[in-house]
Amino acid sequence: MVKKWSERIYLGVIFLFLYLPILVLIGLSFNNSRSRVVWGGFTLKWYASCFTDETITGAFFTTLQITLAAAVISTLIGTLAAIGISAMKRKNRSIMLGATNIPLLNADIVTGISLMLLFVKFMNLGFVTVLIAHITFDIPYVILNVLPKLNQANRSTYEAALDLGASPAYAFYKVTWPEIKPGVFSGFLMAVTMSLDDFSITFFTKGAGVNTLSTMLYTELRKGIRPELYALSTILFLFAFLLLLVMNRRSDKQMTAGSF
Amino acid sequence: MYKLKKQFLAGPYFIWMIGFILLPLAFILYYALTTADGAFTFSNIAAIADPVHVKSIVLSLKLGAICTLVCLVLAYPLCMILSSFRFRHQSFVVFLFILPMWMNFMLRILAWRLLLSNNGIVNSILAAVGIGHIKMLNTQTAVVFGMVYDFLPFMILPIYNSMVRIKPETLEAARDLGAGSFTVLVKIIFPLTLSGIISGVIMVFVPALTSFVISDLLGGGKVLLIGNVIEQEFMQGTNWHLGSGLSVVLMLFVIASMALMNVFDKDGGGTAVW
Amino acid sequence: MKRKLINLIGITKSYGNNVILDDLNLYIRENEFITLLGPSGCGKTTTLRILGGFETPDKGQVIFDDRDITQLPPNMRDLNTVFQKYALFPHMSIAENIAFGLKIKKKSKAYIEDKIRYALKLVNLEGFEHRSIDSLSGGQQQRIAIARAIVNEPKVLLLDEPLGALDLKLRQEMQYELIRLKNELGITFVYVTHDQEEALTMSDTIVVMNQGYIQQIGTPEMIYNEPVNAFVADFIGDSNIIDGVMIQDKVVEILGTKIPCVDEGFGENTPVDVVIRPEDVEIVAPGEGFMDGVITSVIFKGVHYEIEILANGYEWLADTTQCYTAGTSVGIRVIPFNIQIMNKPESEDEEAAEIDV
């Protein structure tokens with residue numbers, strides 16, 4: 001009994017540590033006072049000004065564009081790469097996977113700097129360089145999500161489809177695709193979240209005029225804290241909550257489906 | 001024949017990999033090993049021995065180690081409790097513990113700035129109970145706090161995953177053979193989660209060691225980590241060659257710490273990042 | 001009679017509304033090979049887990065060696081378990097697995113090494129000390145699990161479907177190994193299985209369970225030859241179970257035919273279950289038996305043929321060494337001694353209550 005209670009208390013304390021800062025942000029976003037401590041009544045005005053603030057909306061749309069474009073392109077390249085890699089001989093495969101691990105294991109700051117050094121040699125830093133950088137660190141997540149599904153997939157089913165007269169494209173669509181689809185989807189989602197959350201690599205590869213939410217917030221935070229940012233935090237937290245809820249549901253379904 | 005064709009599907013990625021993974025590494029190595037006029041030199045790398053740089057790398061290693069240790073001490077019991085629950089909504093509870101990780105990194109730091117600032121909530125509470133103001137923001141403690149908050153989920157996930165893989169009957173067998181709770185923990189649970197611990201340690205220690213934003217925003221420019229030194233060489237200073245040299249050194253530290261951790265990981269099964 | 005080593009008194013266990021065991025009473029004698037036999041969900045594994053200390057009963061007591069151990073945790077009990085899925089420690093070598101319990105008891109190094117060698121010899125895996133668990137086949141892993149348990153010299157070894165994951169041939173081999181082991185060690189084995197053949201081969205005593213109740217306790221011969229009800233008869237081996245009416249003492253009517261039997265005391269015109277084992281069904285020329293029928297299928301089973309005969313609307317199952325062809329008209333005969341008469345249970349509860357005394 002004592003053990004059970006101490007367990008619950010421990011969970012509660014960690015839970016509080018994780019959520020207290022977020023709850024404070026959410027609370028302040030409705031506070032009709034610039035103070036961080038005094039409650040000045042309920043308001044939605046920070047939300048209103050958050051939606052009209054061009055710095056915030058601009059960064060938001062840039063983030064959206066870069067995230068989606070990077071996720072789509074990296075999912076495409078990464079999925080094809082995973083299929084190619086799975087067909088390779090052991091030696092080539094481990095070389096490819098070794099290189100794929102570099103952006104995952106390397107420090108973000110080093111990845112960012114090395115890309116910047118390359119970019120400034122050939123082009124101006126800007127939207128395109130940020131996009132290329134994001135695609136570069138997104139692809140490994142896609143590959144690592146798709147490859148296990150390909151390895152799980154029964155190799156002979158694809159060959160059986162060919163044997164039964166299917167063209168390679170038809171066999172892929174009918175046999176391989178259904179097996180790797182969950183991996184492609186989770187790879188895409190992971191690419192989205194990595195792009196959304198990235199600061200360091202964007203920071204080094206962006207030009208003067210381009211800002212994602214992360215880099216915009218960095219600049220703003222160095223100047224001071226505006227209440228509009230609380231409203232933005234609340235919106236983004238809800239967004240993350242919903243996104244993860246959907247993913248959680250999906251994986252639950254997969255688990256129940258897998259047990260049959 | 002079709003197998004050969006299938007391999008070509010990796011072609012676009014192969015080109016991308018050479019252009020944007022390997023070539024940038026070659027660039028940073030080139031900058032690190034040359035002076036501004038292109039002459040070969042080791043001085044950019046040797047510059048790590050400069051007392052200012054030594055101080056910052058030692059501080060980075062220290063704060064990274066503290067952060068990793070705190071995360072491990074917090075996460076391990078948490079994972080044991082979570083994995084011992086065998087109820088229906090288990091995955092939802094685990095989900096709650098990793099959700100904060102999905103909020104923008106910068107906003108999480110913003111939250112801690114709010115909590116820790118001189119006229120912030122923690123200090124207001126402390127003042128209300130009569131303890132008075134404590135300077136918390138712009139200290140090393142604040143930086144460690146922020147790091148722990150940011151990186152804790154990276155420790156929770158791999159340890160939790162290795163913990164739920166332990167079969168209940170393995171623990172029952174140990175109890176059956178006479179092991180008490182403590183023996184079960186030391187002899188069975190700990191060795192079987194070692195690879196998860198190692199992944200967790202790497203996933204927390206590497207970003208903590210190389211971080212520059214957390215120290216910048218919560219340390220107020222007073223906590224100078226090696227990441228801050230490098231960032232300043234690129235964004236404020238002008239010496240890209242020196243910055244590249246220090247980056248290469250940082251890379252070596254990362255590789256060394258991973259190699260060190262892999263020595264403990266006898267099975268070699270736990271180093272997958274996700 | 002040997003001493004009663006374990007006594008389960010009034011054990012009741014339920015999960016939520018699901019009653020797994022209801023007032024179960026059972027004793028286990030010293031040096032006995034006792035098998036808990038039944039379909040999945042009958043409560044046999046729960047009974048074993050209560051013995052091992054992994055579950056605590058809601059009501060009732062577990063008496064072991066005259067001591068109440070109901071609340072004692074598994075690590076304090078003088079019995080060891082061989083788990084269904086082996087449950088070997090994957091991070092330890094074979095020697096380390098076997099030494100686990102002995103190290104906790106702080107035995108000397110020499111003693112432990114001796115014991116490991118002895119145990120490996122006992123399970124026919126000499127020289128396997130330093131192999132890893134992954135390099136073993138399923139059967140070998142099971143032997144190690146047994147070795148790991150018996151080095152602790154428990155008074156009772158609990159075995160939870162230990163052969164369930166092995167293939168047929170290996171299973172049969174291991175059955176003889178287990179009998180040999182039990183005789184060499186001279187300890188009590190409590191064995192759980194759903195495989196009636198395993199139970200009949202190895203046990204001194206079989207406990208047939210269904211839906212949380214004990215249906216019958218007895219030697220393999222008793223259980224096979226004199227099942228107390230249709231469930232036991234059906235579960236143990238193949239049977240012809242036919243609805244019948246006891247006309248008077250020594251006469252029963254089945255499928256519209258009156259036949260002689262040896263049973264008495266059922267009263268007159270009482271509905272009963274009639275059980276006849278396939279090997280007791282004799283196939284004779286038409287008109288020579290008590291009933292005529294047509295052979296509908298003949299399957300070669302190696303030692304014998306399994307034959308189905310349609311007679312008076314019932315598909316009879318008969319085992320014989322003689323070959324027939326399908327479509328042949330034949331007669332059926334059973335000697336009175338081989339006809340088993342059983343009371344029909346009026347409901348499941350009554351069926352259980354009747355036996356559970």
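As the structure is a computational prediction, the values presented were derived from the model and not from experiment. Keep in mind that the numbers below use all heavy atoms, side chains included, and drop hydrogens, waters and symmetry copies.
With a threshold of 4.5 angstrom between heavy atoms, B/Phe20 approaches chain A through its backbone and through its side chain. Only the side chain of B/Met235 has a heavy atom closer than 4.5 Å to any heavy atom of chain A. Looking at B/Leu29, there are no atoms closer than 4.5 Å to chain A (heavy atoms on both sides), in backbone or side chain. Heavy atoms closer than 4.5 Å to chain B are found in both the backbone and the side chain of A/Phe203. For B/Pro77, the parts lying under 4.5 angstrom from a heavy atom of chain A are both the backbone and the side chain. Within the 4.5 angstrom heavy-atom criterion, only side-chain atoms of B/Leu115, from C-beta onward, approach chain A. Within the 4.5 angstrom heavy-atom criterion, atoms from both the backbone and the side chain of B/Leu99 approach chain A. Both the backbone and the side chain of A/Met96 come within less than 4.5 Å of a heavy atom of chain B. When heavy atoms are compared at a cutoff of 4.5 Å, A/Ile132 approaches chain B by way of both its backbone and its side chain. Heavy-atom distances place both the backbone and the side chain of B/Leu107 under 4.5 Å from chain A. Contacts between B/Ser247 and chain A at a heavy-atom distance below 4.5 Å involve backbone atoms as well as side-chain atoms. With a 4.5 angstrom heavy-atom cutoff, B/Phe105 touches chain A via backbone and side-chain atoms both. Contacts of B/Ser211 with chain A are absent, with no heavy-atom separation under 4.5 Å from either backbone or side chain. Heavy atoms closer than 4.5 Å to chain B are found in the side chain of A/Phe119, but not in its backbone. Contact annotation for A/Thr193: only side-chain heavy atoms (C-beta onward) come within less than 4.5 Å of a heavy atom of chain B. Contact of A/Phe199 with chain B is made through the side chain alone, with heavy-atom distances under 4.5 Å. For B/Pro207, no part lies under 4.5 angstrom from a heavy atom of chain A. In this structure, chain A has heavy atoms under 4.5 Å from both the backbone and the side chain of B/Leu74. Neither the backbone nor the side chain of A/Val142 has a heavy atom closer than 4.5 Å to any heavy atom of chain B. In this structure, no portion of B/Asn123 lies under 4.5 Å from any heavy atom of chain A.
Interface remark: of the candidates A/Asn145, A/Asp198, A/Val110, A/Val110 forms the most heavy-atom pairs closer than 4.5 Å to chain B. The candidate from A/Thr215, A/Ile225, A/Ile113 with the greatest count of non-hydrogen atom pairs under 4.5 Å with chain B is A/Ile113. Residue with the most contacts toward chain B among A/Ile135, A/Leu213, A/Ile85: A/Ile135 (heavy-atom pairs, distance under 4.5 Å). Put simply, of A/Leu28, A/Asp108, A/Ile143, A/Asn92, the one with the most heavy-atom pairs under 4.5 Å next to chain B is A/Ile143. Taking A/Leu217, A/Leu18, A/Ile77, A/Leu25 one by one and counting their heavy-atom pairs under 4.5 Å with chain B, the maximum is reached by A/Leu18. Ranked by heavy-atom pairs under 4.5 Å with chain A, the list B/Ile230, B/Leu152, B/Ile255, B/Ile28 is led by B/Ile28. In terms of heavy-atom pairs under 4.5 Å with chain B, the best-connected choice from A/Val24, A/Leu196, A/Ile139 is A/Ile139. Among B/Thr210, B/Leu23, B/Leu110, the residue with the largest count of heavy-atom pairs under 4.5 Å with chain A is B/Leu110. Looking only at heavy-atom pairs under 4.5 Å with chain A, the residue among B/Val254, B/Val206, B/Leu217 that has the most is B/Leu217. Contact count against chain A (heavy-atom pairs under 4.5 Å) is highest for B/Val213 among B/Val213, B/Leu250, B/Ile18, B/Ile109.
To the nearest 0.5 angstrom, A/Ile102 atom CD1 is 5.5 Å from B/Leu25 atom CG. Between the OG atom of A/Ser233 and the CZ atom of B/Arg108 there is a distance of 12.0 Å, given to the nearest 0.5 Å.
Remark: the backbone N or O of A/Ala87 is paired with a side-chain donor or acceptor of B/Gln7 at under 3.5 angstrom. A donor-acceptor pair is defined here as one N or O able to donate and one able to accept, closer than 3.5 Å; no such pair exists between the side chain of B/Tyr13 and the backbone of A/Leu80.
The minimum heavy-atom distance linking A/Ile109 with B/Gly227 is given by the pair CD1-O, 3.6 Å. Taking each heavy atom of B/Ser244 and A/Leu117 in turn, the nearest pair found is OG-CD1, 3.6 Å. B/Asp216 approaches A/Arg222 most closely through the heavy-atom pair OD2-NH1, 3.1 Å. Residues B/Met103 and A/Asp197 come closest through the heavy atom pair O-OD1, 3.6 Å. The minimum heavy-atom distance linking B/Met251 with A/Asn106 is given by the pair CG-OD1, 3.4 Å. Of all heavy-atom pairs between B/Leu96 and A/Tyr19, the closest is O-OH, 2.6 Å.
Annotation for B/Phe14: atom CZ does not count as buried by contact number, only 12 or fewer foreign heavy atoms lying within 6.0 Å.
Taking the six-membered ring for Trp, A/Phe204 and B/Phe212 have ring centres closer than 6.0 Å. A centroid separation of 6.0 Å or more is found between the aromatic rings of A/Phe137 and B/Trp16.
Side-chain contact of A/Ser214 with B/Asn104: a donor-acceptor pair under 3.5 Å is present, judged by distance alone.
Contact annotation: the side chain of B/Met80 never approaches that of A/Tyr10 to less than 4.5 Å [non-hydrogen atoms, C-beta and beyond]. Side-chain contact between B/Phe27 and A/Ser114 is absent, with no heavy atoms from C-beta onward closer than 4.5 Å.
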